[in-house]
Amino acid sequence: MKAILAREFGGPEVLKLEEVPDPVAGKGQVRVSIRAVGVNPYDTYMRAGGYAIKPDLPYTPGADAAGVVNQVGDDVTGWKTGDRVYISGTTKGKAHGAYAAMAVCEALQVHRLPARVSFAQGAGLFVPYVTAWRALFGRANARAGDTLLVHGASGAVGIAATQFAVAAGLTVIGTAGTDEGLAVVTKQGAQHAFNHRSAGYLEQITSATGGRGPDVILEMLANVNLDHDLTVVALGGRIVVIGNRGRVEIDARKIMSKDCAVYGLALWAITPDEVRRAHQAIIAGLESGALNPVVGKEMPLADAAKAHIAVMEPGAHGKIVLLP
Ligand code: NAP
């Protein structure tokens, strides 16, 4: 089968399309014929070699994908050939392996993909939606009636968070850096959309909350925004740091005077119980229509290197998806 292999760590050019042996589903495992693969920012950090998880070389990137079951191993119940599924990682664990025509998953890493959701949409479910669900409900204790700032709402995690929050009865303020991104944020049901590259947008956020500030902030670029978040957050608010790409100076006095909490989120620290609840919430939301993953760009699998460049560029407006 075709698969992307990285034989060394480095720039996007290390990702090459190669022919590799078909994987085989072992005991307790399911093989999925991949129809679409989600490209996540951390795929690029791992490829560069500086990420907390460093796979053995050569490796195939990718933990997010959707497709059809095409082989079921011994001792697996509940799955049959032809089932539409999305996956949350593969048996390769740290080395991942979804940038390929097929991937083998543990049975627990395979989840039903409702018929109304396309494979391209299904490729952006695991990392973005589980992260968003855990940030809102596992970390920030978000509740109906809260006001939420999604600081970076035009990307995959921000769109997922906006959809979950709107469905749960929160008032959502989302930010984006382009008009196209702002339109995507509004389309997800956010009541306010502001441009994080415009002067004065923090004042717009404060005034949209009647001067009180957002109760919950989900932060996609903490190295730029954490001190600003501490300025605008409501008294007793909760800030969840999801994305960060460098160091930041903050005035810790604001944490005190705002009587607020700053949480970190590492998707990989999720508990098995949270995993179960998150996927139940995702599948229920997909079925009801409350959740609708937005595909920003589709590219052939062979263009994985180009996708790694694109996912790090500004101007997000949904998920970047590779098609094997
Ligand atoms: P993405 O699709 O590339 O989206 C990135 C978002 O950040 C876009 O909305 C982008 O908006 C926005 N952004 C850019 N500059 C910003 C600024 N100055 N202020 C606020 N937002 C800004 O990425 P993603 O998949 O949603 O992931 C978002 C971040 O979370 C990434 O850094 C990723 O690595 C991280 N993440 C962490 C975990 C975890 O376990 N902690 C899990 C998943 C993702 P524009 O492009 O419109 O400017």
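We use all heavy atoms of the structure for the numbers below, so side chains are in, but hydrogens, waters and symmetry mates are not. Both ligands and their constituent atoms are indexed starting at 1 by order of listing.
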For atom 22 (C) of ligand 1, which of Glu219, His228, His196, His317 has the closest heavy atom? His196

Please work out which of Gly155, Gly124, Ala310 has its closest non-hydrogen atom nearest to atom 4 (O) of ligand 1. Gly155

Which ligand 1 atoms, with their elements, are less than 4.0 angstrom from a heavy-atom of [X]?
{"X": "Asn225", "value": "17 (C), 19 (N), 20 (C)"}
{"X": "Leu221", "value": "15 (N), 16 (C), 17 (C), 18 (N)"}
{"X": "Gly315", "value": "45 (P), 46 (O)"}
{"X": "Tyr45", "value": "31 (C), 32 (O), 33 (C), 34 (O)"}
{"X": "Ala316", "value": "8 (C), 45 (P), 46 (O), 47 (O)"}
{"X": "Pro314", "value": "46 (O)"}

Rounded at 0.5 Å granularity, tell me how far CD1 in Ile320 sits from CG in Asp303. 11.5 Å

In this structure, OG1 of Thr44 is separated from OH of Tyr51 (nearest 0.5 Å) by 10.0 Å

Is any side-chain N of the basic residue among [X] and [Y] closer than 4.0 Å to the acidic one's carboxylate O?
{"X": "Asp43", "Y": "Arg47", "result": "no"}
{"X": "Arg139", "Y": "Glu274", "result": "no"}
{"X": "Glu18", "Y": "Lys2", "result": "no"}

Ala98 versus Thr60, closest heavy-atom pair with distance: N-CG2, 4.4 Å

Report the part of [X] (side chain from C-beta onward, or backbone N, CA, C, O) that has a heavy atom under 4.0 Å from ligand 1; answer both or neither where that applies.
{"X": "Ala266", "result": "backbone"}
{"X": "Arg197", "result": "side chain"}
{"X": "Leu265", "result": "both"}

Which residue holds the protein heavy atom closest to atom 35 (C) of ligand 1, what is that atom called, and what is the gap in Å? Ile242 O, 3.7 Å

Residues 67-75 side chain polar contacts: donor-acceptor under 3.5 Å, at least two apart:
{"residue": "Asn70", "atom": "OD1", "partner": "Arg31", "partner atom": "NE", "Å": "2.9"}
{"residue": "Gln71", "atom": "OE1", "partner": "Ala25", "partner atom": "N", "Å": "2.8"}

